[in-house]
Amino acid sequence: MLTLTRAKHTKGAAGEPIPTVFQTLAAESVHVRRGQFTLIAAAPGVGKSVFALSLVLKAEVPSFYFSADTDAFTMYLRAGAMFTGYRTVDIEHAVEHKNTQQIDALLEKKSHCRFDFSGSIEIDMLEEELKAYAATYGEWPHVIVIDNLSNMRLDDAPEGYQALEAACDYLHELARETGAAVIALHHVTGTFDDGITAVPLSGLRGKVSKVPEMVLTLHRDASVGTDEMGTMYVTPVKNRTGKADPSGSWSLPLKYAPPTMTLEDRVHA
């Protein structure tokens, strides 16, 4: 039993932000933190997997990405584009012609992140993978990504939205036990499926907003999807250690070009 002043000295890395990837977010105290559970929600095609992949690859800390929603080949194309500046169609062309030496060399430098591409995320499998990681490297991953929440399968879990709540409870506890920043990707309700409307806290599918320490929703402007650089908006709708607006009326812009998977801060003159 500890007082709060003594507890602060025993927290280790818990509560500390992972290395900053987007200064736009850090400037507003929007941080993905170790030992906490973050939920990222968006409509299909907005880029939530690209956002999460950017976080784990560019933060350069030991990470584990459970990618049930996106296959290995697609992730290879995205990561290859992200770190070469080529379009994903160019990366695919290189694969077809067995000309990937440059791409592979760049991605080998990102081996701090391990992936599992099983089509569903069974809890026993997840725990075995994490224990094997800890046994191999002597520590838990600093970041664990679940892509996505609806792909999780818990033993004896209820059906429907109650299953989503049970998954959130499990991931919250996983973050506490491992000290990892646990990030889960999630869907939004049909009202916001156009991808260009800011999503409030009430727009999460299943209303699973009670457990996560932070909830970010994403949307984009109409130009995203073309060859021109567009904007992805990150909307902090819940943030226990920083600014947030549950109405979704306050968003932070990032530059986003899907053809090259480029996601970065805007530079103001």
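What's counted below: heavy atoms across the whole structure, side chains too, no hydrogens, waters or symmetry copies. The structure displayed is predicted, hence computed values, not measured ones.
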- Message: Could you measure the distance from the NE2 atom of His172 to the CG atom of Asp169? Nearest 0.5 Å is fine.
- Response: 8.5 Å

- Task: Heavy atoms only: give me the nearest Val61-Val143 pair and the separation to one decimal.
- Result: CG2-CG2, 3.8 Å

- Query: Roughly how far, to the nearest 0.5 Å, is the CG atom of Leu204 from the NZ atom of Lys238?
  - Reply: 9.5 Å

- Message: To check you understand the geometry: which heavy-atom pair defines the closest contact between Thr178 and Leu174, and what is its length?
- Response: OG1-O, 2.8 Å

- Query: Are Leu106 and Ile91 connected in a single hydrophobic cluster, I mean Ile/Leu/Val/Met/Phe/Trp/Tyr linked by side-chain heavy atoms less than 4.5 Å apart?
  - Reply: no

- Query: Looking only at atom types and distance, does a side-chain atom of Gln36 sit under 3.5 Å from a main-chain N or O of Gly15, one as donor and one as acceptor?
  - Reply: no

- Item | Other residues, nucleotides, ligands: >12 heavy atoms within 6.0 Å of Glu96 CD | yes

- Task: Could you go through the salt bridge (charged side-chain N to carboxylate O under 4.0 Å, His left out) check for Arg153 and Glu122 one step at a time?
- Result: CA-CA 5 Å; Arg153 302 289 181 266; Glu122 307 284 345; 5.3 Å; no

- State whether the number of non-hydrogen atoms from other residues, nucleotides or ligands found under 6.0 Å of Gln162 atom CD is greater than 12. no

- Message: Please check: side-chain N/O of His186 versus main-chain N/O of Arg205, any donor-acceptor pairing under 3.5 Å?
- Response: yes

- Would a distance-only check, ignoring hydrogens and angles, find a side-chain to backbone donor-acceptor pair under 3.5 Å from His112 to Val56? yes

- Closest approach of Arg34 to Gly179 (non-hydrogen atoms, all atoms of both residues): CB-O, 3.3 Å

- Message: For Phe73 and Tyr76, take the angle between the two ring planes, folded into 0 to 90°, and tell me which bin it lands in: parallel under 30, tilted 30 to 60, perpendicular over 60.
- Response: parallel

- How far does CG of Leu252 sit from OG1 of Thr235, to the nearest 0.5 angstrom? 7.5 Å

- Looking only at atom types and distance, does a side-chain atom of Lys48 sit under 3.5 Å from a main-chain N or O of Ala42, one as donor and one as acceptor? yes

- Task: Establish whether Met232 and Val199 are linked, either directly or via other cluster members, by ILVMFWY side-chain heavy-atom contacts under 4.5 Å.
- Result: no

- Query: Would you say Val89 and Met75 are hydrophobically clustered, going by side-chain heavy atoms of ILVMFWY under 4.5 Å?
  - Reply: no

- Item | Nearest-0.5 Å distance that lies between atom NZ in Lys131 and atom CG in Leu126 | 10.5 Å

- Message: For Asp116 and Phe64: C-alpha separation, side-chain torsions, deciding distance, then whether side chain to side chain contact (heavy atoms under 4.5 Å, CB included) applies.
- Response: CA-CA 8 Å; Asp116 183 284; Phe64 207 120; 3.8 Å; yes

- Message: Let me confirm one number: the NE2-OG distance from His142 to Ser63, rounded to the nearest 0.5 Å.
- Response: 8.5 Å

- Query: Can you tell me if Asp69 uses its side chain to pair, donor with acceptor, with the backbone of Asn148 under 3.5 Å?
  - Reply: no

- Message: Can you give me the closest heavy-atom contact between Pro141 and Ala180, atom names plus distance?
- Response: O-CB, 3.2 Å

- Query: Checking side chain to side chain contact (heavy atoms under 4.5 Å, CB included) for the pair Met82/Lys58: CA distance, chi angles, key distance, verdict?
  - Reply: CA-CA 10 Å; Met82 191 179 294; Lys58 294 181 179 179; 4.1 Å; yes

- For the pair Arg87 and Glu92, evaluate salt bridge (charged side-chain N to carboxylate O under 4.0 Å, His left out) and give the outcome as yes or no after the intermediate values. CA-CA 9 Å; Arg87 300 174 302 164; Glu92 186 167 9; over 6 Å; no

- Cluster question for you: counting only ILVMFWY and a side-chain heavy-atom cut-off of under 4.5 Å, with indirect links fine, are Val188 and Val234 together? no

- Query: Sub-3.5 Å donor-acceptor pair from the side chain of Asp147 to the main-chain atoms of Leu53, do we have one?
  - Reply: no

- Note on the structure: With Phe51 as partner, the option from Tyr256, Tyr233, Phe22 fulfilling ring-ring contact (aromatic ring centres under 6.0 Å, His included) is Phe22

- Task: State, without any angle test, whether His31 and Glu16 hold a side-chain donor-acceptor pair at a distance under 3.5 Å.
- Result: no

- Item | Within one Ile-Leu-Val-Met-Phe-Trp-Tyr cluster: Val145 and Val30, side-chain cutoff 4.5 Å | yes

- Task: May I have the step-by-step check of side chain to side chain contact (heavy atoms under 4.5 Å, CB included) for Thr84 and Asp90, ending in yes or no?
- Result: CA-CA 10 Å; Thr84 64; Asp90 299 325; over 6 Å; no

- Mark yes or no for whether Asp265, through its side chain, and Gln23, through its backbone, hold a donor-acceptor pair below 3.5 Å. yes

- Message: Looking at Thr70, is its backbone amide N or carbonyl O close enough to the side chain of Ser67 to form a donor-acceptor pair, meaning the two atoms are under 3.5 Å apart?
- Response: yes

- Once you round to the nearest 0.5 Å, how far does CE of Met152 lie from SG of Cys168? 9.0 Å

- After noting the C-alpha distance and the side-chain angles of His219 and Phe192, does the key distance pass the side chain to side chain contact (heavy atoms under 4.5 Å, CB included) rule? CA-CA 9 Å; His219 66 287; Phe192 303 100; over 6 Å; no

- Which pair of non-hydrogen atoms, one from Ser202 and one from Lys207, has the smallest distance, and what is that distance? O-NZ, 2.6 Å

- Item | For Leu149 against Ala184, the heavy-atom pair lying closest together | CD1-CB, 4.2 Å

